[in-house]
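As structure tokens, the structure follows; a few thoughts come after it.
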Amino acid sequence: MKRIYLSVPHMGTQEEIFVREAFASNQLSTVGPHLDEFEREMSSLVGLPAVALSSGTASIHLGLRLLGVRPGDEVVTPTLTFVASANPIRYLGAEPIFVDSERASWNMDPDLVAAVLKKRAARGRLPRAVVVVHLYGRSADLDPILEVCGRYEVPVLEDAAQALGATYKGKHVGSRGTVTAFSFNGNKIITTTGGGMLMAQKQELVDKARFWSTQARDPGIAYEHSELGYNYRLSNVLAAIGRGQLRVLPERIQQRRAVFTRYCEALADLPGIEPMPQPSWGQHTNWLSCFLIHANQFGASRDNVLNALAAHNIEARPVWKPMHLQPFWQQAERVGGSVAEELFEKGICLPSSSSMSGAEQERVVSIFREQCRARAAG
Ligand SMILES: *Cc1c(COP(=O)(O)O)cnc(C)c1O
């Protein structure tokens, strides 16, 4: 049986044409028209100025530096996320405060963010920034988070790496934070094979990030540097791929949403299978199709299902392992964590590629039926 992957790249027709253009004009560096256009196109989609970088992680790193994060600072971030939301905090010598999820969206709980800020304000030392993550294509409940952060004047970085194309109350995710990061890693809804985009409300922040991303070279031909820089710029060739991918983004969103809907319909009659919630505050892209498996009702555990899928050459994954359970982050501060722990214990991410066929989805569904029946019979 052919392997079914969790999430694979899915090219349209224009990507290769743009890449050939880059080759034909020998624009094979970190300067070129596709870079400029890719930034312009992302800007017009999200509504903020943009700079194309080598990864989402690099975008978060520079974004946090733009917000003034320094050694010894604290930065609030959800515990339920991919590690790249948290690592850049430590790159800058700061420490995370991991905040639990709310059940309505699996994203960071706004009440807990308010509680942390209140407590820190009482101590007279606020966190330098709050990182909001939009998991699996679903926006966090931004309004209450932005409101409380605004009240305490703590800036927000939106980590929208998993949520390009999702909306919150009619607005594109990533359009509200002081700074935003997107990712075009190979498993995201669209990809440049690897890449990222940093956006900000203020043009001067984007300009500063662009400066840092190219080794912070001062103007002039001499190699003179008055600030610390990085080699974080995207290449013109990869931007060419990104431009082609942006053209098919609406189609990819529809395809991912259709994959999720088919799973929901096919699994609806099985007890103990609960889809990731779809709160009404915005459109979910369903980057990954996620479910909870309540073992007591379903008759098999999440790990039983994962093992059975693996035995049939199907790649599936647990929901993110919370940061407060990571060996590396054991010493970090945290606020709550029991919701994230339950989502991690019961949550499964199913193959969700936009190129996935109905027959492939049927293979996944049949494993669920087997697992459910097997336990009921036993
Ligand atoms: C993928 C991802 C990143 C990192 O993006 P890269 O482009 O892989 O560096 C950051 N945060 C989240 C939530 C992600 O899913």
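All ligand and atom numbering here is 1-based and tracks the order in the structure. In this text the structure is predicted, and so the values were computed from the model without any measurement.
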Can Arg90 and Glu95 be counted as an ion pair, charged N to O under 4.0 angstrom? yes

Any idea which atoms of ligand 1 are less than 4.0 Å away from a heavy-atom of Asn185? 7 (O), 8 (O)

Report, in ascending order of atom number, the atoms of ligand 1 lying under 4.0 Å from any heavy atom of Gly195. 7 (O)

Out of Pro88, Ser183, Ser85, who gets a non-hydrogen atom closest to atom 5 (O) of ligand 1? Ser183

Under-4.0 Å salt bridge between Glu342 and Lys346: yes

Can you tell me how the ring of Tyr136 sits relative to the ring of Trp287, calling it parallel under 30°, perpendicular over 60° and tilted otherwise? parallel

Proximal ligand 1 atoms for Val133, defined as those under 4.0 Å from one of its heavy atoms: 13 (C)

Hey, does the Lys NZ or Arg CZ of Arg138 hover above the aromatic six-ring of Trp106, less than 6.0 Å from the centre and inside 45° of the axis? no

For ligand 1, which atoms sit closer than 4.0 Å to a heavy atom of Lys188? 1 (C), 2 (C), 3 (C), 5 (O), 14 (C), 15 (O)

Students should be able to answer this: which protein heavy-atom is nearest to atom 15 (O) of ligand 1, and at what distance? Gln162 NE2, 2.8 Å

Go through the steps to decide whether Ile367 and Gln371 satisfy the test side-chain contact (heavy atoms from CB on, under 4.5 Å), and finish with yes or no. CA-CA 6 Å; Ile367 304 296; Gln371 286 294 306; 4.3 Å; yes

Below 4.0 Å, non-hydrogen atoms only: which portion of Ala161 touches ligand 1? Side chain, backbone, both or neither. side chain

So the atoms of ligand 1 within less than 4.0 Å of a heavy atom of Gly56 turn out to be 5 (O), 6 (P), 7 (O), 9 (O)

With a distance cut-off below 6.0 Å to the six-membered ring centre and an angular limit of 45° from the axis, does Arg3 pair with Tyr5 as a cation-pi contact? yes

Under a 4.0 angstrom heavy-atom cut-off, which atoms of ligand 1 come close to Ser55? 7 (O), 9 (O)

Residue pair Thr285 / Gln162: nearest heavy atoms and the distance that separates them: OG1-O, 4.4 Å

Remaining members of hydrophobic cluster (4.5 Å side-chain criterion), Phe18: none

Counting from 1 in the order shown, the ligand 1 atoms closer than 4.0 Å to a non-hydrogen atom of Ala84 are 3 (C), 4 (C), 10 (C)

Atoms in ligand 1 with a heavy atom of Ile60 nearer than 4.0 Å: 10 (C)

If you measure from OG on Ser101 to CG on Leu112, what distance do you get to the nearest 0.5 Å? 9.5 Å

Quick one: nearest non-hydrogen protein atom to atom 11 (N) of ligand 1, plus distance? Asp159 OD2, 2.8 Å

Given that the side chain starts at C-beta and the backbone is N, CA, C, O, which of these parts of Thr57 lies under 4.0 Å from ligand 1, counting heavy atoms, or is it both or neither? both

